[in-house]
*Asks:* 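Take this structure first; my questions come after.
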There are 2 protein chains.
Amino acid sequence: MPRRVDHGERRAEIAEALVRAAGRLGLHAVGMRDVAAEAGVSLRLVQYYFESKEKLLLFGLRHLAARFGERVSARVAAAGPDPGPRAVIEALLAAALPVDAESRTFHHLYTSYAVLSVTDEALAAQPFIKDPDAAEATVAALLRRAADAGQLAPGTDPAPAAAGLLALSAGLGTSVLVGQRTAESATEVLTYHLDRVFRPAVGTG
Amino acid sequence: MPRRVDHGERRAEIAEALVRAAGRLGLHAVGMRDVAAEAGVSLRLVQYYFESKEKLLLFGLRHLAARFGERVSARVAAAGPDPGPRAVIEALLAAALPVDAESRTFHHLYTSYAVLSVTDEALAAQPFIKDPDAAEATVAALLRRAADAGQLAPGTDPAPAAAGLLALSAGLGTSVLVGQRTAESATEVLTYHLDRVFRPAVGTG
DNA sequence: ATTTTCGTGATACGAACGTACCACAATAAT
DNA sequence: ATTATTGTGGTACGTTCGTATCACGAAAAT
């Protein structure tokens, strides 16, 4: 055989090519040949590492979700050591906003996959329910922590507040994506709503 | 010539067939032949009334937006004679939530078009910026009216609050669409946030 | 050293798509 | 009555897509 190659690594490279090509052409318009050209390999190789387009797309979605998770984690880590609930939530939600090319592509493709999942059973299963549920649980837990520390506005119910913040962030992201709103404006709206959930910090200034 | 036919009416019928077929198959998967079959006409007729698929899709989007506008107006009108700001806003936002088959299709296709508009210049122009901007202005104006009447929670800024409510509604709609959240749960979250914007009514009970 | 297996290339195939073309009947215009 | 125009059907064309097939070199395995 020719030199053994790491299948996982190769599949990741091709998946990244899929993401890049789909970000440029739109997920609906990207074909196996586009992915091959973007990855700099032959059509046959894309077929070889992914038997069918459907499997390529599924892998691409998981790859995208994983990369997004890493991005969020990095943002949260960048919020400093032992950050408060608000800092974590802010990092979490801000990471989802399409403020640069990478996050724009994330939002664009994730929404594309979400739309596809409405009519495609194979796509409907995985990361459109579990991941957002986990994110919502995380934010809700952080809000409860903040409530215990007396950092929340009075009468705040962590569960619907968490659901609202995530839906707000997603909705703002879409409006940025279609050009209705600038990234700065979306960030301001997000900050406004965080300010209304969190009671202003006291005693530090 | 054969009996003259109302082109506008015929185009509307075909556009409805497009909406139905796209709701079933997904906008990305619907073809001229599917639309023709759904409308019960020949492929040639779809070509005749819309010269190209692109024009059919554009008309379909405008048709969808118009129908959605009518639906919202009907909901607002159903809120009763001279409804207060909260009732109008509630009707407005609730109309956007995918709670039944029709609104589900609306949300599904509107999001599909929005995703397409990211990579399709012809689609990017019209109803993704103007309509939501108008909706946001309407809600903001209603909030200002409510603020003047002392019906808002203290410190509420109508502009970001309006933007937030619309983004919230859109985000909740998407989460319902992909099956992460039930329509009832989305309605509850929406009501929770309206309750936090509007100060409870006094003196009426 | 031979055989097997793995990675890679080129290309062919059948289906589906959007569009173009041809034909014709029905009616309005002359 | 003839002519021109409009609505409609059928169908063929060229392209593109996902997939399948054939071929072959290179390195493990024997």
Side-chain angles (χ1 to χ4, degrees), chain A residues 1-61 109 112-113 116 119-123, chain B residues 1-61 109 112-113 116 119-123:
Chain A
M1 350 168 172
R3 80 177 194 290
R4 292 294 268 275
V5 82
D6 185 329
H7 273 225
E9 196 174 319
R10 196 66 92 109
R11 285 162 65 91
E13 284 171 18
I14 296 178
E16 298 251 343
L18 164 66
V19 168
R20 283 195 304 273
R24 185 161 21 90
L25 307 170
L27 190 61
H28 67 288
V30 74
M32 306 281 280
R33 288 166 177 84
D34 300 303
V35 175
E38 179 71 37
V41 301
S42 74
L43 168 63
R44 178 68 181 87
L45 272 224
V46 180
Q47 281 190 268
Y48 183 70
Y49 289 101
F50 303 89
E51 291 144 42
S52 68
K53 185 184 184 183
E54 185 179 20
K55 291 184 179 166
L56 168 62
L57 286 177
L58 273 168
F59 186 88
L61 173 57
L109 296 189
S112 300
Y113 273 114
L116 284 190
T119 47
D120 186 332
E121 289 193 13
L123 236 42
Chain B
M1 346 164 171
R3 78 176 196 289
R4 294 293 270 274
V5 82
D6 186 330
H7 274 226
E9 196 175 319
R10 197 66 93 110
R11 284 162 64 91
E13 284 171 18
I14 296 178
E16 298 252 343
L18 164 66
V19 167
R20 284 195 304 272
R24 184 160 22 90
L25 307 170
L27 190 60
H28 67 288
V30 74
M32 305 280 280
R33 288 166 177 84
D34 300 304
V35 175
E38 179 71 37
V41 301
S42 73
L43 168 62
R44 180 68 181 84
L45 272 221
V46 180
Q47 282 190 268
Y48 182 71
Y49 289 101
F50 302 90
E51 290 145 43
S52 67
K53 185 184 184 182
E54 186 180 21
K55 291 185 179 165
L56 169 61
L57 287 177
L58 273 167
F59 186 89
L61 173 57
L109 296 189
S112 300
Y113 274 114
L116 283 190
T119 46
D120 186 332
E121 288 192 14
L123 237 41

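In what follows, every chain begins at residue 1, and chains take the letters A, B, ... in the order their sequences are listed. These values consider heavy atoms only, across backbone and side chains, with no hydrogens, waters or symmetry-generated copies.
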*Asks:* Using every non-hydrogen atom in the two residues, find where M32(A) and S52(A) come nearest and quote the distance to one decimal.
*Replies:*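 Distance-wise, the nearest heavy atoms are CE-C, 4.5 Å.
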*Asks:* Would one find a side-chain N or O of Y49(A) under 4.0 angstrom from OP1 or OP2 of dT8(C)?
*Replies:* yes
*Asks:* Considering heavy-atom distances to DNA chain D, does S42(B) or G31(A) have its closest nucleotide positioned more toward the 5' end?
*Replies:* S42(B)
*Asks:* Tabulate atom names and distances for all N/O pairs under 3.5 angstrom spanning the protein and nucleotides 19-22 of chain C.
*Replies:*
from, atom 1, to, atom 2, distance (Å)
dT19(C), OP2, K53(B), N, 2.8
dA20(C), N7, Q47(B), NE2, 3.0
dA20(C), N6, Q47(B), OE1, 2.8
dC21(C), N4, R44(B), NE, 3.0

*Asks:* Quick one: H28(A) NE2 to dC17(C) P, roughly how many Å, whole number?
*Replies:*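 Distance, rounded to whole Å: 15 Å.
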*Asks:* Can you pull the salt bridge (Lys or Arg N to Asp or Glu O under 4.0 Å) pairs that have at least one residue in residues 26-39 of chain B, sequence neighbours excluded?
*Replies:*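 Non-adjacent pairs meeting salt bridge (Lys or Arg N to Asp or Glu O under 4.0 Å): R20(B)-E38(B), R24(B)-E38(B).
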*Asks:* Nearest whole Å is fine: how far is dT19(D) C1' from L56(A) CG?
*Replies:*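 Roughly 14 Å, once rounded to whole Å.
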*Asks:* Closest approach to the side chain of D34(B), judged atom by atom: which nucleotide of dG7(D), dC17(C), dC6(C) is it?
*Replies:* dC17(C)
*Asks:* Expressed as a whole number of angstroms, how long is the span from L45(B):CG to dT11(D):P?
*Replies:*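 Atom CG in L45(B) sits about 15 Å away from atom P in dT11(D).
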*Asks:* Once you apply a heavy-atom cut-off of 4.0 Å, does F50(A) come out as touching a base, just sugar-phosphate, or nothing?
*Replies:*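 The residue F50(A) makes no contact with any strand.
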*Asks:* Report the distance from atom CZ of R4(B) to atom C1' of dA25(C), rounded to the nearest whole Å.
*Replies:* 16 Å
*Asks:* Does some side-chain heavy atom of V41(A) sit less than 4.5 Å from a side-chain heavy atom of E13(A)?
*Replies:*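 Answer no - side chains too far apart.
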*Asks:* Looking only at heavy atoms, which two atoms of L56(A) and L18(A) are closest? And how far apart?
*Replies:* O-CD2, 3.8 Å
*Asks:* Looking at L58(B), D120(B), L57(B), which hits side chain to side chain contact (heavy atoms under 4.5 Å, CB included) with Y113(B)?
*Replies:*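 Answer to the side chain to side chain contact (heavy atoms under 4.5 Å, CB included) test with Y113(B) among L58(B), D120(B), L57(B): L57(B).
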*Asks:* Can you name the one residue among V19(B), L61(B), V30(B) that meets side chain to side chain contact (heavy atoms under 4.5 Å, CB included) with L109(B)?
*Replies:*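 Among the candidates, only V19(B) passes.
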*Asks:* Going by heavy atoms in the side chains, are L25(B) and T119(A) under 4.5 Å from each other?
*Replies:*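 Heavy-atom side-chain distance check fails, nothing below 4.5 Å.
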*Asks:* With a 4.0 Å cutoff (strictly under), does any side-chain N or O of Y48(A) reach OP1 or OP2 of dT8(C)?
*Replies:*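 Result: no.
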*Asks:* Does anything in residues 7-20 of chain B reach DNA chain D, meaning a heavy atom under 4.0 Å, and if so which residues?
*Replies:* H7(B), R10(B)
*Asks:* Where the side chain of R11(A) meets the backbone of Y49(A), is there a donor-acceptor pair that is under 3.5 Å apart?
*Replies:* yes
